[in-house]
Engineer: 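Below is a structure I'd like to ask you about.
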There are 2 protein chains.
Amino acid sequence: MAGENEPGTVRPGGRTARVREAVLRAAEDALTELGFTHLDLADVARRAGVGKTTVYRRWGTVTGLVADVLLDMAEQSAPRTETGSLSGDLKANARLVQRTLTDPRQAALFKALIAAATGDTKTAAALHRFYDIRVAEWAPCVRQAVERGEVPAGTDAEEVVRAVSAPLYYRLLIGGGPLDEAAADRAAEAAEAAARAGAYVRGREKPA
Amino acid sequence: MAGENEPGTVRPGGRTARVREAVLRAAEDALTELGFTHLDLADVARRAGVGKTTVYRRWGTVTGLVADVLLDMAEQSAPRTETGSLSGDLKANARLVQRTLTDPRQAALFKALIAAATGDTKTAAALHRFYDIRVAEWAPCVRQAVERGEVPAGTDAEEVVRAVSAPLYYRLLIGGGPLDEAAADRAAEAAEAAARAGAYVRGREKPA
DNA sequence: GCCATAACGGTACTCCAGTTCCATTAATCG
DNA sequence: CGATTAATGGAACTGGAGTACCGTTATGGC
């Protein structure tokens, strides 16, 4: 995550790009294995087969490196499945999130990313961007439900998608209950029920 | 968070207790001001007016100290308000959480606590305990709603309370939208609508 | 293909988080 | 109140995270 005229901006090709790739991959591995707390930039450099001077010059701090990891992750997008019904789509989304947060390696990585974002504004912005993109990919299924009349007009599609994820992340980070398929299905059903009841209609004065 | 026969267990009175108090207060201040990332135990010792050797001996690591802060916070409980209706109670809860997470100092502290918990099992356990207690304090208002027939029998009261908080914490840590009263009210309404629809009934096979 | 220089990488250095050691203080038991 | 020793706290030490310096590599423009 280089600043204004930081190294890597004038000659971004060839070696510079290769170094970035290697360092970001190494950073993901290190975050997964060690977590945010025990991350050491010299260790990342070693894993990447790169001089530690380079890592310190281009990324500077652990949070700065994590911010760049997030920018990189935001580019690769995963396609969503389509089931035809709001219930089916939301459940598919919930299960995808649940599987991600249950996989030991991915769970560790996401925890590390979120922890890093709590301490640095730029990292937080990169995290928001990452999730905004992911949420936007799933929002269309809610808009289709609005068109089909399953859900009130004016419903905030993004907010419904976030409502599916929120309880699952709550368990991952805060509450710590089981993160199983039942939890995923409950999250999807709750979001759907709330959406049908009009809880996510934008700019109301009073509840329906 | 002393282990089996760590210092402080044989003679817990007098000075030892005073040191613990001073260190925990100083740790809260430091976490609030600097965040989890930049916390330094020597700095905490200085703030507490205590030898840094003592802090390292009794708490060892930053996450260890945070775990003890959480155990301490879990003891002091805040009473809830009662409005008589489920809608009113959940909204009161949502607004309380929203105000906490909006206050700059408290928000910083909670972010730091959650970030610390992502990296250490014991700290995570202490965090779960803290929130289990807070959730349990608010669960009765949902149980009363079940008795009044506002919500289906078999509804998991704790899960409803967690559902109110989840979207607010999602914004704080992950999504980053506005954390205002409208967001709080929406969270409360959504949880209520989902609860009425039976989304939080325990041990169902199929959705209602 | 050649030049100017952006970017990398090794080495040596600094500084402070975390440890070790031991003298001092005071909590608990009788 | 006095003895025992748990617990604290100062001071000196150590290792490694982060920095500075400078020679080497190879990118991008001509």
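In what follows, chains carry the letters A, B, and so on, assigned in the order in which the sequence lines appear, proteins first and then strands, with residues in each chain numbered from 1. Values reported hereafter were calculated over all heavy atoms of this structure, with side chains retained and with hydrogens, waters and symmetry mates removed.
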Engineer: Which letters describe nucleotides 23-30 of chain C, given B = protein heavy atom under 4.0 Å from base, S = only from sugar-phosphate, - = neither?
Structural biologist: --BBBS--

Engineer: With a sphere of 6.0 Å drawn around CZ of A/R129, does it hold more than 12 non-hydrogen atoms of other residues, nucleotides or ligands?
Structural biologist: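 Incorrect, the count does not exceed 12.
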
Engineer: For B/H38 and D/dG18, give me the distance from atom NE2 to atom P, rounded to whole Å.
Structural biologist: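 To the nearest whole Å, that distance equals 10 Å.
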
Engineer: Could one point to a donor on the side chain of B/K52 or the base of C/dG18 with an acceptor on the other under 3.5 Å away?
Structural biologist: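 Side chain to base: pair found, below 3.5 Å.
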
Engineer: Starting at the 5' end of DNA chain C, which residue's closest nucleotide do you reach first, A/R57 or B/G60?
Structural biologist: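 Going by which nucleotide is closer to the 5' end, it is A/R57.
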
Engineer: Quickly work out the B/L65 CG to C/dG18 C1' distance and round it to whole Å.
Structural biologist: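 One finds 15 Å between C1' of C/dG18 and CG of B/L65, rounded.
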
Engineer: In this structure, how many angstroms lie between the C1' atom of C/dG18 and the CG atom of B/L39, rounded?
Structural biologist: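 In whole Å, C/dG18 C1' and B/L39 CG are 14 Å from each other.
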
Engineer: Would you say C/dG9 has OP1 or OP2 under 4.0 Å from some side-chain N or O of A/T54?
Structural biologist: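 Yes.
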
Engineer: How many whole angstroms separate atom CG of A/D40 from atom C1' of D/dG16?
Structural biologist: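 Spelled out: CG on A/D40 to C1' on D/dG16 is 8 Å.
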
Engineer: Could you check whether A/R162 pairs with A/E159 (Lys NZ or Arg NE/NH1/NH2 to Asp/Glu carboxylate O, under 4.0 Å)?
Structural biologist: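 Yes, A/R162 and A/E159 are salt-bridged.
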
Engineer: Rounded to whole angstrom units, what separation is found between the CZ atom of A/R46 and the C1' atom of C/dG10?
Structural biologist: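 Checked: the CZ to C1' distance equals 14 Å.
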
Engineer: Quickly work out the A/W59 CH2 to D/dA17 P distance and round it to whole Å.
Structural biologist: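 Result: 18 Å.
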
Engineer: With under 30° as parallel and over 60° as perpendicular, where do the rings of A/Y169 and A/Y131 fit, or are they tilted in between?
Structural biologist: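 The rings of A/Y169 and A/Y131 stand perpendicular, inter-plane angle above 60°.
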
Engineer: In terms of ring plane angle, is the pair B/F36 and A/F36 parallel, tilted or perpendicular, where the classes change at 30° and 60°?
Structural biologist: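 Plane angle between 30° and 60°, so tilted.
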
Engineer: Please give me the minimum heavy-atom distance between A/A30 and A/V44, naming the atom from each residue.
Structural biologist: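 Shortest heavy-atom separation between A/A30 and A/V44 comes out as CB-CG2, 4.2 Å.
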
Engineer: Ion pair present between B/D185 and B/R95, side-chain N to carboxylate O less than 4.0 angstrom?
Structural biologist: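 The answer is yes: the pair qualifies as a salt bridge.
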
Engineer: Ignoring the backbone of B/V50, work out which of D/dG9, D/dA17, C/dC8 is nearest its side chain.
Structural biologist: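 Minimum distance to the B/V50 side chain belongs to D/dG9.
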
Engineer: Would you say B/Y56 reaches C/dT19's phosphate, i.e. side-chain N/O to OP1/OP2 under 4.0 Å?
Structural biologist: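 For C/dT19, OP1/OP2 do not have a side-chain N/O of B/Y56 under 4.0 Å.
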
Engineer: Is it the case that more than 12 heavy atoms not belonging to A/R25 sit under 6.0 Å from its CZ atom?
Structural biologist: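 Above 12, so yes.
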
Engineer: Can you tell me how far P of D/dG9 sits from CG of B/L41, to the nearest Å?
Structural biologist: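 One finds 15 Å between P of D/dG9 and CG of B/L41, rounded.
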
Engineer: Choose from C/dC8, D/dG9, C/dT11 the nucleotide whose nearest atom is closest to any side-chain atom of A/R58.
Structural biologist: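 So the side chain of A/R58 is nearest to C/dC8.
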
